[in-house]
Structures are given as structure tokens and as C-alpha cells.
Number of protein chains: 4
Amino acid sequence: MRRNPSQARSRQTVERIVAAGRAVLAEQGYDAFSTNRVAAEAGVSPGSLYQYFADKDAILTVVIDRYWDEVAEQVAASLSDRIGPEPLGPETLRAMADALLRALEADPALLRVLAQELPQSANRERRAALERRVRDLIATYLAARPNATRRPDVALAAWVIVVAVENVALHWTLDRPAFERERVLDEIVTMVTAYLVA
Amino acid sequence: MRRNPSQARSRQTVERIVAAGRAVLAEQGYDAFSTNRVAAEAGVSPGSLYQYFADKDAILTVVIDRYWDEVAEQVAASLSDRIGPEPLGPETLRAMADALLRALEADPALLRVLAQELPQSANRERRAALERRVRDLIATYLAARPNATRRPDVALAAWVIVVAVENVALHWTLDRPAFERERVLDEIVTMVTAYLVA
Amino acid sequence: MRRNPSQARSRQTVERIVAAGRAVLAEQGYDAFSTNRVAAEAGVSPGSLYQYFADKDAILTVVIDRYWDEVAEQVAASLSDRIGPEPLGPETLRAMADALLRALEADPALLRVLAQELPQSANRERRAALERRVRDLIATYLAARPNATRRPDVALAAWVIVVAVENVALHWTLDRPAFERERVLDEIVTMVTAYLVA
Amino acid sequence: MRRNPSQARSRQTVERIVAAGRAVLAEQGYDAFSTNRVAAEAGVSPGSLYQYFADKDAILTVVIDRYWDEVAEQVAASLSDRIGPEPLGPETLRAMADALLRALEADPALLRVLAQELPQSANRERRAALERRVRDLIATYLAARPNATRRPDVALAAWVIVVAVENVALHWTLDRPAFERERVLDEIVTMVTAYLVA
DNA sequence: GATGAATGAGGTTTCATTCAT
DNA sequence: CATGAATGAAACCTCATTCAT
């Protein structure tokens, strides 16, 4: 099928809507995330929303998916630089935590809404998928090198690490406690490392 | 509360309303938490809500406060049994984590809504207060016994522990991963202990 | 029937309610004139209102009646001092207008509500009755002395005078234009006098 | 107005709403002026009201403004016919009073509500503006020709005249006393004329 | 496809009134 | 008689969604 102009325009409209949804969410919170407001922000009519999205939730889902994809991609990118013999050594760990923190810091307003204000919907599933992916990565790695840890159940260890680190990063970003960023990274690395060899 | 209920009937009505609010929240989610639905569930008229609560949020606040108070009380109770020379030894740690898990397991449906669906409002503040309280407790303990840890910043260490453990307990309760309860407790204790002495 | 204590108490309660109604009306306007607020101000329970008044309007009616009775009485009193051969001479006229103004000035807040905020109800009828009474007085006087005026229809003349003077007094009291009170009285007397002999 | 109606259908809807508001007000009084009732009378859904009006009061304001504008326009039109050397001569006076009466007679039911039942809001201000305008007109005229009156303070005289005449016209229209229309006009003219030269 | 007017169910809240205690 | 808890209709308003143009 050839790319006719109308398809290109459609694509653009979808983009405008998604961008508007994200902006409304980040700047005004979930309460303000009404179809009318999103349409206005996108510069389209309310009716047009329904040409591209089944309902309000569908827009929300795309915004959410994109956000967590971005986060995942940034964390993943921090790994691709240093694929070596010791991917879970302290330096790699620190690089990952640093990347995660940087990704979350990029848009704290949106993060707050996504992490704390959203009804069930897609969000949960999306975030869970991200966790699962990282978890499997770690579990696989640990399983492959028996010396890397003394933990008996590597799947469990991977799960604990992901859940714990995720929340430390999240809380630090959203609550802005008076701890230096570098110190927090230190502690994350220390905790994970100590845990693995304990 | 708008009017402090003197008669027995009043107190009963207030209780019915709060219980109904909690039930609606747990069983139908925050979206369903409408004054009409709560009133219907409580078996009172919509107007009666406003005899005792300034607005919808006031009901929500009471439900939230009660819930976190219950959790705090149960965790605190697990400590009162074992006030000894080593409050942060592995056994005490395990007892606390066990109590926390048990408290959260009591009503996972409600927990899910409180932890994941609620708009800012009172919830955030209430939960933050709980975290702060536990954090201060730990920090004070660590500061008092220099040998208990090698972590340089005890306030930071306390913060990391609370945030990490909280999320592990929360996730295990809500996501029901296929790990045995006892094993999860093992890992929590291991992680905290290893981190402190690292 | 002998005056037992309960009757005396009833009387007192009625007074408290009426006074409360007047106070609420004057201080907070008609919108605030709710049965609950009046009961609270009177220090009785909402239910008690209905022991003495059929409904909310009944309370309003009493407040209105009393107010206009007071006004009427004060204007009438200003006449009783000077019953002579020439009750509508300039001096008497001025005394009446002065008394009216003084009566209205006594409680401008209440006057504003009664004159401008009230729904139909009793108010209209009550105020009309007052006007009618003064009108008849004037008409009777004019009819009795053919030389007092050149106006062909004394009933009409009386009506015009009452309606015109009433509004001048009302407006001056409520809108507080920057005219001296004495000058306004001058003009009222002048207008009426000139009109009558024209 | 919330949205300036571009399509023909929109304008029609706005008109229907305003007309319905006016009808409800005139036929059922201010108490019946609820958004639901106005919407029903207009044959639109309650939500449609809020496409064009910020809230209930905004509808009321338009109804009020239009009404007094109509009155003002009719009175003004009666003057434009006879701009001559003597704008406040008896004939002009009579023409104005006649026009005012005719304007008020057009919709006595609505007049009653606007003049007697409305809460503060826009109405007061609107009517006061009308009075002020006429007052200034008269005062200016009187100031320009010293012979037209013997009254010492022309501003005061203008104010007295406007307030007095307004109420006579209003009362005659609303209370329908048994005086002939022509006679009432006679008396108004007589009163004003006599007052001015007194 | 796009528009934006229209919908209408349902949200929160008030308040005149009733009635068991 | 008095109380005050309870009622419930009805108020204003929002917003996801539809549909004629």
C-alpha cells in the first residue's frame, strides 16, 4: 500500500493527540485528562479523537506505553555500552541505576501522575511488563554464572532486587529527599551487591 | 467530622458510612466511590453523609487513616513483644516484616486501591507519615549504636531500607508472585542485614 | 385558661425564633435564611420550628409583618403629636417624611433584603397593606377639605404621593446617594406641596 | 458567553435558551428558574446550556440585560422624535412617561419578577445604570437652562424625579390600581412640572 | 475524514421537612 | 414538647460519547 498524503496526515493527528494527552497529564493531572481538554490541547475537535481511539482509555494507554518504553529504552541503552564479561558488576549496576534515575528525572510531573494518580487500566500491566523484562534479564544472568551470587533462588533474588531498586529510584525522584544523588546511587549498588553475595 | 455524634444511633450511622466507604473502595475501586453508592451501600440516604462529613473527601480520609493506622498498629505490636537489647537483629527484623506482610495481606483489594488508585489527597500524606515514623525509628537506633552498621549516613540508610522493604512487601501482596511467603521474608532479612554491615 | 408556665415558655421560644429569623435575614441575606440556620441561631432544634410555624414561609411572614408594622407605627406616631387643623401642611408632611426615613434607616440591611431579595410570598401583600393604609388616610383628608388641593381625583393623588415618596425614601436609604438628608426632606415636601396645589 | 456560536444551529440554540429563560421567569417566577427547567422549556438537554453559558447566572444576566435594554431603547426612541427647543416641556415629559409605561406594560409578569424577586446579581447593577443614565440626562438639561427650574440643586432634583416617576410607573403596571392610564400620565406630568417650577 | 453541537446520565451537595426517641 | 438524626427530591454542573452536517 502506498503512503498517500491522508495517511501521513492521520499519523500526524495521532501524534498530536498523544502529545496533548501527555501534556495535559503532566501539567494538569489525571483529573484534567478529559477528552475535551485533550482535544483542545491537540487542536482537533472532540469528535476526531474517536476516529483514532476507541475511547478515552485508549489514549491513556498509548501515553503510558510510550512513557515506560522510553524508560526501558534508556535503561537498556546504558547496558549496550558495556556488554562485557561482568554485566552485573558494581560499575554496570551503577550505570543502570543511574540511567533509571535519569530516565525518571526527565519528567517528574508525568511520573507522579503515572505512578500515583492513575486508575487501574493499562498502566499496571505496562509497568509490570517492564519489571518482568528486567527481572528475567537479571535472573538469566545469575542463573548462567553460579558464582555471581549465593542466593538460592535466583528468580526470587532478581524479583527482590528489581522491586526494591525501582521503589528507591521512584521515591527519590518524586519525594526529593535531602540526599545527594550520588550517595543514593552508592547505596543502591551497595545494597544489591551485598545482598547478592550474602 | 462535621458533628460529633452523641447519640448511639449517630455513632452507628457513622460507622456504617465508613464501613460502606471501605467496602465500595475495596470491591469496586475508586471510580465507584461516589456519594450515592456509598450511601446506598451504607443503607442511608445521600443527605445523611453530610451530617457527619464535610464532603466526599472527608469520608475517604477516614477510611485511609483507619487503614494505615491498623497497619502501623500491627507492625508496632510485633515490636512490643520483643523489646530487647537488639531491636534490629535478624529475628526482630523478620518479625517486623512478617507483621507488615500480615497486615497488608488482610485486605489486598483495599490495599490495591489505596496504594495505586487514589488521587493525591490525604492518602499520600498519611502514608508518608507512616514511612517517616519508621524511618526515624531506624535512624535513631542506628545512630545510637555505631557498631550496628558500616553505612556512613544512617538517615540515608534508614530511608533506603524503608522504601525498599515497603515495596517488596507491597508488590508481593498485590502481585502474588509464585514465591513462598517464608522465602520472601528470608530475602528481606538477608538484604537488610547484608546492606547494613556492608 | 390560665397562663401556665409552658405557655410562657412557648411564647419565649416563638420570640427567639422570630428574632433569629430577622437576624439571619439582616446579616446574611435571604439565601442564608434556611430553617437549619434559623434554628441554630435561635438555639432550638430544627424540629422545634415546626411546633410553632407551619413552614419556613410562616416564619418569614412574621418577620416581614413585624417590620412593616414597626415602620407604620413610627410614621403614625409622628402624626399623633400634631393632630391639628392642618395635618397635611408642610410641617406635618416633613414630620411624616422624616419619621419614614428614620424608620427605614433603623435597619438598612434588613430593609435591603425585604425590599429587594424576597420572593413573592407575604412581603408584597404586607407592604401593599401599609401603602393602602397611608393612602386612605391622605385621600380621606383631601376629600374632607376641598381647598387643600386642586387635583381632581383625590384617590389618585394620594396614590401618586405615597408611591413616589415611598420610593424616594427607600432609594435614599439603600443607595446612599450623596445628598444631605435635610435637602432630601426639603424636596419631598416641595414636590408633594407643589403637586397638590398645581 | 462561553463559546461564540458560529454555526446557524448554535445561534438558534442560544436564542432558544434565552427565550426559555425569559419564559420560565415570566411564567413561573425566579424559584422555578432552574437549569433543568430552562433546558426543558428550550427543548435542549441540560448540558447544552453550558456550551454557551458559564453558569445559571449568565443566562439570567442576558435575560435581564435584554429586558432593560428594550425598555431603555423604547424610552429613548420616544425622545428622538421630538428633539426640539424644549425637551422637558410637558409634552415631551408626557411622551417619555407614556413610552416608559408602554415598555413596562409589554410584559408585566416578567417585570414583576425582575423588579421584585431577583437576588442582587446583575439585575441591581443593570437597573441602577439605567436610572443613572436618565438622571444625568435630566441634570444636564436643567443645568443648561437656568430658567427651567427653581430647584437649587439640579442633581438632586433629577434624582428625585427619576426615582419618583419610576416607582409610579412600576406600581401602576404591577398593581393595576383602578386609575385610568391617561389620568396617571396627567399626574406624572403635573407632579414633575409643578415640582420643577416650585 | 473532520467538525463541533448536542446529549443525558450521573456526579456532589443542600435543605425543608418528618419522626422515633 | 423537644430533640436531632434521617430523609430524599432536586439543585447545579461535567464530560465521555454520538451524529448531523
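Throughout, a chain's letter reflects where its sequence line sits, starting with A, and its residues are numbered from 1.
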Between [X] and [N], does any side-chain N or O lie under 4.0 Å from OP1 or OP2?
X       : N      : result
A/Ser48 : E/dT3  : yes
D/Ser45 : E/dG8  : no
B/Thr35 : E/dT13 : no

Whole-Å distance separating the [atom1] atom of [X] from the [atom2] atom of [N]:
X       : N      : atom1 : atom2 : value
B/Lys56 : E/dT13 : NZ    : P     : 8 Å
B/Arg16 : F/dA6  : CZ    : C1'   : 11 Å
A/Tyr30 : F/dT14 : OH    : P     : 18 Å
C/Phe53 : E/dA16 : CZ    : P     : 15 Å
A/Gln51 : F/dT17 : CD    : P     : 15 Å
C/Tyr50 : E/dT17 : OH    : P     : 4 Å
B/Leu60 : E/dT12 : CG    : C1'   : 14 Å
A/Gln12 : E/dA2  : CD    : P     : 11 Å

By nearest-nucleotide position on DNA chain E, the 5'-leaning member of B/Phe33 and C/Pro46 is B/Phe33
Could you say whether C/Leu49 or B/Asn36 is positioned toward the 5' end of DNA chain E, judged by the nucleotide with the nearest heavy atom to each? B/Asn36
Quick check on DNA chain F: between C/Gly43 and A/Asp55, whose nearest nucleotide comes earlier from the 5' end?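 Its nearest nucleotide being more 5', the pick is C/Gly43.
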Most 5' of C/Tyr52 and D/Ser34 on DNA chain F, judged by nearest nucleotide: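 Residue closer to the 5' terminus by nearest nucleotide: C/Tyr52.
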Only pairs with both distances under 3.5 Å count, Watson-Crick or wobble alike; so what is the partner of E/dA20 in this structure?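 Its partner is F/dT3 (Watson-Crick or G-U wobble, both distances under 3.5 Å).
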What is the base-pairing partner of F/dA10, counting Watson-Crick and G-U wobble geometry with both distances under 3.5 Å? E/dT13
Counting distance only, does the side-chain N/O of D/Asn36 pair as donor-acceptor with the main-chain N or O of D/Ala39 below 3.5 Å?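 Pair absent, no side-chain N/O of D/Asn36 close to backbone of D/Ala39.
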Ignoring hydrogens and angles, tell me if any N or O in the side chain of B/Asp55 forms a donor-acceptor pair with the backbone of B/Ala58 under 3.5 Å. yes
State plainly whether the residues A/Glu15 and A/Arg11 are in salt-bridge range, i.e. N to O under 4.0 Å. yes
Salt bridge check: are D/Arg66 and D/Glu70 linked by an N-O gap of less than 4.0 Å? no
Does a side-chain heavy-atom distance below 4.5 Å link B/Asp175 with B/Leu170?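 The answer is no; the side chains never approach within 4.5 Å.
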